[in-house]
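None of the values given here were measured: they were computed from a predicted structure.
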Amino acid sequence: MSLKYFLILPLILLLTACSSDPVSNPELRHAQELLQNHPDSVGEAARILNSLSPASLSEGDRNLLSLLKIKADDKMYVTHTSDSLILAVVDFERKHQDRGLYPEALYYAGRVYADLGDVPTSSKWYEQSLLSIPDDSSYNPLRLRVSYHLGYSLINQFLYSSADSVLQKGIVLATDLNDSYFLQIIYELLGNSKMNRQEYGEALTYFLKAKSYSKSHPSPDSLTIDIQIAMINARQGNIVRARDYLRNIRQSVDFVAEPLYLQAAAEVCLKSGDFPKAFQYADSLLNFKDFPNRPAAFRILLDPALKDYISPDSANSYVFQYAEELNTHYSRRDFLQSQHQQSLYNYSVHEKKRREAEILSERWEWLLWIATLIILLLIILLLIRERINNRRRILLQNTILDLTDRNSDKILAAQNIDHPDTPTQDISHTEEASCPDPANGQDNHPPCVNDNISEEEKYRIEKIEKLKKRLMPVINGEVKDKRIEIPLESSEILNRFKDNIVKNELTSVDWQYLEQEVMRYSPDFRDNLSLLSDNSINEAEYRVALLIRCHFRPKEISCLLNVKPGTISKQRGDISRKIFQKNVGTKLIDIIIQSL
């Protein structure tokens with residue numbers, strides 16, 4: 001297999017890894033679209049999701065199926081009872097954030113922990129979701145939902161200032177999206193936040209804005225808004241207005257809104273001096289065991305204005321119950337704050353471990369990329385080297401062929417001189433026909449052209465052909481070049497050269513010794529070199545060729561001859577031009593010389 005396929009293969013694998021559809025199952029894609037854009041079709045989406053078999057889905061689709069089931073349950077107000085599934089979803093989406101589902105997975109992790117009662121942890125998931133949402137307007141609906149639920153959880157932890165900051169951003173998002181429902185519920189949350197801090201003016205402003213948006217979304221929230229507006233008016237001394245609000249909604253109050261209505265009615269009656277009704281409403285409020293604002297009922301019952309309506313025993317009982325409620329209330333508040341701090345600590349530890357894991361993963365990813373890059377570079381270098389070797393073989397082939405052609409041209413030129421009337425283009429085709437056979441009585445036939453070639457020239461042609469046959473397989477790479485190394489270390493030549501170089505007295509006798517040593521291993525070296533160069537090599541060039549045949553390096557040759565390295569390069573180029581009529585390069589000429 002060619003090396004180029006090793007270069008193409010990694011690229012194909014990389015492209016294949018980067019071209020994956022986040023959702024491959026059509027039914028799953030349809031359910032996702034229903035949950036995203038058709039809130040009234042949640043039941044249909046849930047039916048599709050329950051009909052799918054996880055075993056038949058890819059890993060990415062299985063994870064999406066889990067996320068969509070959690071999403072469908074949340075939209076149908078099914079309480080989440082376990083965090084194992086959503087944590088697996090979050091872990092998968094964190095590793096595959098290119099799917100774009102990671103922020104939504106974090107949001108539903110917050111929803112799951114809110115149902116589990118772990119409000120601080122849910123806040124952390126909401127915050128992480130907000131941080132991970134891309135700066136893209138298409139994510140604004142998700143950003144709005146996360147902001148609302150984060151604000152709600154912060155108010156439940158008595159972190160009112162933080163809640164206000166988040167909810168104000170939610171107002172901007174809801175306004176941009178023209179979402180009147182979220183404007184209503186966010187303004188109501190802001191009103192609650194201000195009311196809990198007894199900032200009644202701002203609270204009333206927010207509740208009135210919430211009421212204006214609730215007209216297009218009639219719901220139980222509308223009743224709670226009116227009740228809280230009445231309560232604020234009562235606390236500000238606007239008793240008549242507060243009574244009017246409560247009177248107008250009395251017939252619409254349901255079981256959900258009744259505890260808040262009873263609290264507001266008790267406060268209005270207490271401030272208006274209607275003590276019997278204030279006692280009646282406050283006492284009825286105690287029947288709602290799960291009402292989070294039961295301490296407000298005890299405050300009204302233990303108000304000095306109602307002392308004539310409560311017996312001493314009942315008053316003592318209310319005091320103990322009130323103390324217990326306050327203890328529970330503040331214990332819950334302390335617990336939430338402690339849990340919030342613990343959650344912050346756990347979150348920081350989790351973030352630290354996650355960051356360490358991400359850094360380790362990034363390092364491995366970088367190492368993988370670097371290793372891939374190094375492999376690609378090595379493959380490219382091998383391809384370049386192979387190309388260079390191919391070019392070298394082709395160049396050597398061409399030079400040998402040029403040499404053969406030149407010798408053939410010389411032969412033909414010599415024949416044309418002796419037989420000017422003989423067409424040169426027909427000599428090769430009529431050579432056998434033009435040569436007479438004495439055995440057939442053709443002695444009177446004109447002499448054959450081959451008779452005009454001297455024995456010396458024939459011998460020379462034969463030697464060139466033999467040399468060509470020996471060199472061409474080496475040049476073509478068909479056989480390994482068995483160039484014989486000349487072990488100068490074991491001869492007297494090297495020591496003789498060393499001694500004479502120190503004395504700067506290299507003589508012709510030294511060169512004769514060296515030539516004799518070369519001839520021991522390459523008997524035809526001088527003849528072959530003369531044959532290739534057409535006897536044009538001078539003595540200086542011949543000495544350089546001898547040293548090249550002995551595998552001396554250019555710097556060593558320049559030291560031996562006491563000349564500059566550039567002079568050696570020039571002489572090698574001259575040898576190349578005399579053999580091939582051009583400079584084929586120092587490496588190629590060295591191969592030729594060392595192969596003679």
Side-chain angles (χ1 to χ4, degrees), residues 384-410 460 463-477 481-486 488 493 497 501 504 506-508 510-512 514-515 517-519 521-522 524-596:
I384 293 172
R385 182 178 177 181
E386 184 181 16
R387 184 179 179 85
I388 291 172
N389 289 335
N390 288 336
R391 288 187 61 188
R392 181 180 298 163
R393 292 190 189 101
I394 293 171
L395 185 57
L396 283 170
Q397 292 171 3
N398 292 336
T399 53
I400 295 297
L401 291 174
D402 289 344
L403 178 63
T404 305
D405 292 340
R406 290 203 311 274
N407 286 304
S408 299
D409 291 341
K410 290 179 181 179
R460 185 172 179 274
K463 291 193 69 174
I464 290 176
E465 290 299 325
K466 289 181 180 180
L467 187 59
K468 173 185 173 183
K469 289 180 180 180
R470 182 164 66 85
L471 291 178
M472 287 301 288
V474 176
I475 295 170
N476 292 333
D481 183 15
K482 298 181 180 179
R483 287 175 283 172
I484 301 174
E485 298 288 340
I486 300 177
L488 297 179
I493 303 299
F497 267 55
I501 286 172
N504 198 16
L506 278 176
T507 64
S508 58
D510 297 326
W511 290 108
Q512 289 175 6
L514 180 63
E515 184 178 25
E517 193 70 18
V518 170
M519 293 301 181
Y521 299 94
S522 299
D524 299 324
F525 177 76
R526 182 161 197 146
D527 292 341
N528 287 337
L529 187 61
S530 299
L531 183 65
L532 291 176
S533 64
D534 201 11
N535 295 317
S536 61
I537 297 292
N538 60 37
E539 189 64 24
E541 293 165 349
Y542 178 66
R543 290 179 177 179
V544 171
L546 282 174
L547 294 173
I548 291 173
R549 178 61 187 86
C550 295
H551 296 276
F552 281 100
R553 296 173 182 172
K555 289 184 179 179
E556 296 169 342
I557 296 174
S558 64
C559 290
L560 288 171
L561 299 179
N562 194 23
V563 295
K564 295 181 179 179
T567 303
I568 303 303
S569 298
K570 181 179 180 302
Q571 288 176 327
R572 291 161 83 191
D574 292 340
I575 295 172
S576 177
R577 278 184 286 272
K578 288 181 178 181
I579 295 176
F580 303 113
Q581 308 303 314
K582 59 183 176 181
N583 192 345
V584 297
T586 56
K587 290 185 178 180
L588 297 182
I589 195 61
D590 286 356
I591 291 174
I592 295 295
I593 291 173
Q594 291 168 3
S595 300
L596 296 177

Which atom of [X] lies closest to which atom of [Y], heavy atoms considered:
| X | Y | answer |
| --- | --- | --- |
| K578 | S536 | NZ-O, 2.9 Å |
| L514 | C550 | CD1-SG, 3.8 Å |
| I593 | A545 | CG2-O, 3.6 Å |

Distance in Å, [X] [atom1] paired with [Y] [atom2], rounded so as to fall on 0.5 Å steps:
| X | Y | atom1 | atom2 | value |
| --- | --- | --- | --- | --- |
| L546 | S522 | CG | OG | 10.5 Å |
| R553 | I548 | CZ | CD1 | 14.0 Å |
| S533 | I575 | OG | CD1 | 9.0 Å |
| R549 | D590 | CZ | CG | 11.5 Å |

request  = Could you check if a side-chain atom of S558 sits within less than 4.5 angstrom of a side-chain atom of K564, using non-hydrogen atoms only?
outcome  =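 A side-chain contact under 4.5 Å is absent here.
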task = Taking the side chain as every heavy atom from C-beta outward, state whether L547 and W511 have any pair of such atoms under 4.5 Å apart.
result =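 Side-chain contact under 4.5 Å: yes.
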ask   = Do side-chain atoms of T567 reach the backbone of V563 as a donor and acceptor pair under 3.5 angstrom?
value =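 Not confirmed, T567 side chain does not pair with V563 backbone.
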key: Listed partners of S569 passing side chain to side chain contact (heavy atoms under 4.5 Å, CB included), at least two apart   =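 Not a single residue meets the side chain to side chain contact (heavy atoms under 4.5 Å, CB included) criterion with S569.
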message = Using salt bridge (charged side-chain N to carboxylate O under 4.0 Å, His left out), reason through E541 and R572 one step at a time and then give a plain yes or no.
response = CA-CA 8 Å; E541 293 165 349; R572 291 161 83 191; over 6 Å; no
task = For E515, enumerate each residue passing the side chain to side chain donor-acceptor pair (under 3.5 Å) test, keeping only those at least two apart in sequence or located in another chain.
result =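 Per chain and number, E515 pairs via side chain to side chain donor-acceptor pair (under 3.5 Å) with R526, Y542.
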request  = Could you pull out all residues at least two apart from R543 that satisfy side chain to side chain donor-acceptor pair (under 3.5 Å)?
outcome  =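 Counting only residues at least two positions away or on another chain, R543 forms no side chain to side chain donor-acceptor pair (under 3.5 Å).
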ask   = Excluding sequence neighbours, so at least two apart, what forms salt bridge (charged side-chain N to carboxylate O under 4.0 Å, His left out) with R577?
value =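 R577: salt bridge (charged side-chain N to carboxylate O under 4.0 Å, His left out) contacts with D574.
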